[in-house]
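Since this is a predicted model, take the numbers as computed values, not measurements. All residue numbers refer to positions in the sequence shown, counting from 1.
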Amino acid sequence: MSAFDDAEVYRSILESLQTGLCVVDVQKKIVLWSDGAERITGHLRYDVIGHCCIGEALLHCDQQDCEWCNEDCPLARAIKTGHAAEALGFLHHKAGHEIPVRARAVPVHNGHGSIIGAAEIFEDQQQATLTDRVGGLHLAGCVDEVTGVASRAMMQAHLRETLGTLAEVQRPFGVLCIRLEGLVDFRAHYGIEAAGSLLSIIGRTLEGSLWKTDLVGRWSDDQFLVIVNGCSEEALRSVAERVRRMLASNGIEWWGERRSLPVSMGRTAAEPGDTVESILERVQKSSDAASATRVRVAAASDNQTAGS
């Protein structure tokens, strides 16, 4: 009898895989979770075995309109149709942010040919994106030390280059300015480490929501700047909404409780004749207006609650 006739040997091999591997039964409860899945998501197998991958939102992104949070995810399609399924989507990291992944699922059959579940492999798309985007920037002053995204100096240089491309070949682009509201008070109350963790998660989420041709950087203590290439004003609005949805659930687990901060976002599309100064002034005004609107809405909500 060969040692490989032992089912536990096969299970050990599958669990040791460094790629993400998840096996579920027909109720979509997780029955196997690889070392790679632990590495990619931060969820240990003991956190997820026996839990439903969809219903309890342990793995799939729970943003509004996310196709992975219903019966259309690759695992569900593989079980329902009996065919392989593939998709790009997001998984929850245990730290609170979303990870862009490419997932491929296949149905699992028993000895009689009946479907008893599905197996899914998934690969972290963010790591490759980060490497491609920032790999050549690890020079002094090019990368923000707290978040790992591009620095202010790098963003200024990239903005000048992108404006030059606009002038030469009329390739459109847009700029987003994301402000983390109340960061100073958050840092004073919870400490530098907590604030740094939250900033890092925001940066990683922004990176994960962009194409490889785009660039995100830390612009100031509480602001990130995003340069979205090849993007018209109408398309920029859609990108901003997607980023807003992704940031809505960002937060960190700190001393047993979830901590987060609201964000305000400004946007502007580049125009012919723009300079670095003019486009930055415009997006900053948009960001300030968004921040003021958020404050007014919050104040009105507080007053309404107090009066009821």
Side-chain angles (χ1 to χ4, degrees), residues 20 30 33 37-49 51-53 55-64 66 68-69 90-101 124 126-127 130 134 143-152 176-210 216-226 242-265 287 290-291 294-295 297-299 301-302 305:
I30 298 169
W33 191 245
E38 290 188 332
R39 175 182 56 81
I40 293 170
T41 69
H43 290 284
L44 301 179
R45 61 175 53 94
Y46 301 109
D47 295 331
V48 300
I49 294 293
H51 291 277
C52 179
C53 64
E56 301 182 34
L58 285 170
L59 306 178
H60 296 120
C61 167
D62 60 0
Q63 301 290 351
Q64 184 179 5
C66 174
W68 278 33
C69 297
F90 295 89
L91 300 183
H92 272 304
H93 192 280
K94 191 173 183 179
H97 58 279
E98 273 71 53
I99 309 159
V101 298
D124 184 355
Q126 177 173 268
Q127 191 59 48
L130 287 170
V134 187
V143 177
D144 178 66
E145 294 182 359
V146 175
T147 63
V149 300
S151 66
R152 181 185 178 99
L176 304 177
C177 182
I178 295 94
R179 174 178 294 162
L180 198 54
E181 302 284 0
L183 180 63
V184 172
D185 292 338
F186 184 93
R187 183 184 288 119
H189 188 75
Y190 297 110
I192 294 175
E193 185 179 352
S197 295
L198 186 58
L199 284 165
S200 180
I201 283 175
I202 295 293
R204 291 176 66 180
T205 299
L206 288 171
E207 288 274 13
S209 68
L210 301 174
V216 57
R218 190 176 178 196
W219 189 245
S220 65
D221 182 48
D222 61 353
Q223 288 183 321
F224 291 86
L225 204 69
V226 177
R242 183 178 76 239
V243 170
R244 192 188 309 278
R245 288 200 307 268
M246 290 187 64
L247 291 177
S249 62
N250 270 193
I252 59 171
E253 295 294 330
W254 200 254
W255 291 93
E257 295 187 26
R258 188 165 182 79
R259 310 293 183 185
S260 62
L261 286 175
V263 297
S264 299
M265 186 185 308
S287 177
S291 181
R294 192 199 65 80
V295 171
V297 170
S301 178
D302 289 343
T305 301

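Judged purely by atom type and a 3.5 angstrom limit, E38 uses its side chain to pair as donor or acceptor with the backbone of R45. For the pair T41 (side chain) and A37 (backbone), a donor-acceptor distance under 3.5 Å is present. The closest donor-acceptor contact from the side chain of D185 to the backbone of G182 lies at 3.5 Å or more, if one exists at all. The backbone N or O of I201 sits less than 3.5 Å from a side-chain atom of T205, completing a donor-acceptor pair. Within the 3.5 Å criterion, the main-chain N or O of V226 finds no donor-acceptor partner in the side chain of W219.
In this structure the side chain of E181 never reaches within 4.5 angstrom of the side chain of L261, judged on heavy atoms. In this structure, the side chains of V149 and E207 come closer than 4.5 Å at one or more pairs of heavy atoms. Within the 4.5 Å cutoff, no side-chain heavy atoms of R258 are placed close to those of I252. With contacts defined as side-chain heavy-atom distances shorter than 4.5 Å, the pair R179/F224 does not qualify. Looking at heavy atoms from C-beta onward, V184 lies out of side-chain contact with D222 at the 4.5 angstrom threshold.
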Would S151 and V143 count as a side-chain contact (heavy atoms from CB on, under 4.5 Å) if you check the C-alpha gap in whole Å, the side-chain angles of each, and the deciding distance to 0.1 Å? CA-CA 5 Å; S151 66; V143 177; 5.9 Å; no
L176/V216 under side-chain contact (heavy atoms from CB on, under 4.5 Å): CA gap, chis, key distance, verdict: CA-CA 9 Å; L176 304 177; V216 57; over 6 Å; no
From CA spacing to verdict: side-chain contact (heavy atoms from CB on, under 4.5 Å), L198, R259: CA-CA 8 Å; L198 186 58; R259 310 293 183 185; over 6 Å; no
May I have the step-by-step check of side-chain contact (heavy atoms from CB on, under 4.5 Å) for I202 and T147, ending in yes or no? CA-CA 8 Å; I202 295 293; T147 63; over 6 Å; no
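Closest approach of S291 to S264, counting heavy atoms only: CA-OG, 3.4 Å. Between W254 and S197, the shortest heavy-atom distance links the atoms CZ3-OG, 4.4 Å. The nearest pair of heavy atoms linking M265 to A290 is O-CB, 3.3 Å. Here the closest heavy-atom approach between residue R187 and residue L199 is recorded as NH2-CD1, 4.2 Å.
Checked against side chain to side chain donor-acceptor pair (under 3.5 Å), R39 has no partners two or more places apart in sequence or in another chain. Every residue was checked against the side chain to side chain donor-acceptor pair (under 3.5 Å) condition with S260, not counting sequence neighbours, and none meets it. Under the salt bridge (charged side-chain N to carboxylate O under 4.0 Å, His left out) criterion, R218 pairs with D144, D221, sequence neighbours left out.
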